[in-house]
Amino acid sequence: MEPILRVQNLTKRFGGLTAVDQVDMEVMPGEVVGLLGDNGAGKSTLIKMVSGVYHPDEGQIFFEGEELRLGSPMDALQRGIETLYQDLALAENLNVYANIFLGREPTTRFLGLIPVLDHEHMHGEAKKVLERLDIDIPSLRSKIKNLSGGQRQAVAISRSIYWNARLLIMDEPTAALGVAEQKKVLDLVRTLRSQDIPIIIISHQLYDIFAVCDRLVIMRRGKKVAERRTKETTPDEVVGLIIGS
C-alpha cells in the first residue's frame with residue numbers, strides 16, 4: 001500500500017535557526033499518526049509546510065503519489081489537505097450550516113432574478129454530513145458562539161469532510177476541553193479512521209494520543225528522533241524521547 005503522504009528530507013530555516021531538519025515521515029490511508037514533541041520541536045513548522053503556509057528550503061512532499069509544490073494554503077485545500085488549528089477558524093456569529101459552507105455558499109434565484117443564499121440546501125447538506133459522522137447537534141441553526149468546545153470541533157471537522165478532505169491535520173484538538181468533550185472528539189477521530197480518512201494529530205495529551213493513534217512520530221529540536229507503533233511503546237518511553245533523557 002502506498003502512503004497518502006510522504007515527506008522526504010524536509011528542511012525549513014528561519015535565518016540562522018533550522019526549525020525542521022531533514023525530516024522523513026509517512027502517513028498511510030486510514031491511519032492516525034501522532035506528531036509529538038516539546039515546544040519548539042518543529043511540529044507546527046513541519047505541518048505548515050505540508051499545508052502550504054511555509055515553503056520548504058530543502059526536501060520534497062509527495063501526496064497521493066505525486067510531488068506537491070504548494071504555493072499557498074489554498075493549493076493544499078484544493079488537493080484535499082485540511083488543517084484544523086486550535087482557533088478552528090469558525091465564524092461565531094453564524095450558525096452551524098453557514099460555517100460548514102463558509103466562503104463557498106451556494107445561491108439560488110429569488111423570483112428567478114435575484115441571487116440569494118440557498119439556506120435550504122446548506123441545511124440539508126450539513127445535516128447529511130453530521131449524520132455520516134454520527135454528530136449530534138440539536139439545531140443546525142444554533143450560532144457557533146452558543147456551542148460547546150467539542151461541538152465546535154465537530155463542526156470544523158464536518159466542514160473539512162464535506163469538502164472532501166483527503167488528509168486531516170488536527171492541531172491540539174482536545175486542548176481546553178472537559179473530559180466528556182475530549183471523549184466525543186476522540187470518538188469522532190475513530191469514526192473518521194473507520195471511513196479511511198488519514199489524520200495527523202499534534203497533541204501534548206498523551207492519553208489522547210495513545211487512545212486513537214496507530215503510530216507516533218517524535219521530534220526534538222527540529223529533527224525526527226523516533227517513530228513507534230503505539231501498541232509497542234509506553235507513555236514513559238515517549239516522554240523520554242521527547243525530552244531526550
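Everything quoted here is computed from the prediction, not taken from an experiment.
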Heavy atoms only: give me the nearest [X]-[Y] pair and the separation to one decimal.
X      : Y      : result
Val50  : Leu70  : O-CD1, 3.1 Å
Ala165 : Ile197 : O-CG2, 4.5 Å
Ala91  : Leu102 : CB-CD2, 4.3 Å
Leu133 : Ser158 : CD1-OG, 3.8 Å

Exercise. Under the side-chain contact (heavy atoms from CB on, under 4.5 Å) criterion, do Leu140 and Asn95 qualify, and how do the steps go?
Worked result: CA-CA 7 Å; Leu140 302 192; Asn95 63 33; over 6 Å; no
Can you tell whether the side chains of [X] and [Y] come within less than 4.0 Å, N to carboxylate O?
X      : Y      : value
Lys128 : Glu131 : no
Asp75  : Arg79  : no
Glu67  : Arg69  : yes

Seminar exercise, completed: Thr174 meets the side-chain hydrogen bond (donor to acceptor under 3.5 Å, both in side chains) criterion, sequence neighbours left out, with Asp208
Give every donor-acceptor pair under 3.5 Å between a side-chain atom in residues 20-37 and any protein atom, sequence neighbours left out.
residue: Asp21; atom: OD2; partner: Lys223; partner atom: NZ; Å: 2.9
residue: Asp24; atom: OD1; partner: Asn9; partner atom: N; Å: 2.6
residue: Glu31; atom: OE1; partner: Met28; partner atom: N; Å: 2.9
residue: Glu31; atom: OE1; partner: Arg215; partner atom: NH2; Å: 2.8
residue: Glu31; atom: OE2; partner: Arg215; partner atom: NE; Å: 2.9
residue: Glu31; atom: OE2; partner: Arg215; partner atom: NH2; Å: 3.3

Exercise. Considering the options Lys145, Arg152, Lys143, which one meets the side chain to side chain donor-acceptor pair (under 3.5 Å) requirement together with Glu92?
Worked result: Arg152
Problem set entry | Pairs satisfying ring pair (Phe, Tyr, Trp, His ring centres under 6.0 Å), at least one member in residues 79-107, at least two apart | Tyr97-His119, Tyr97-His123, Phe101-Tyr162, Phe101-Trp163
Exercise. Do you see a donor-acceptor pair shorter than 3.5 Å between the side chains of Gln195 and Arg193?
Worked result: no
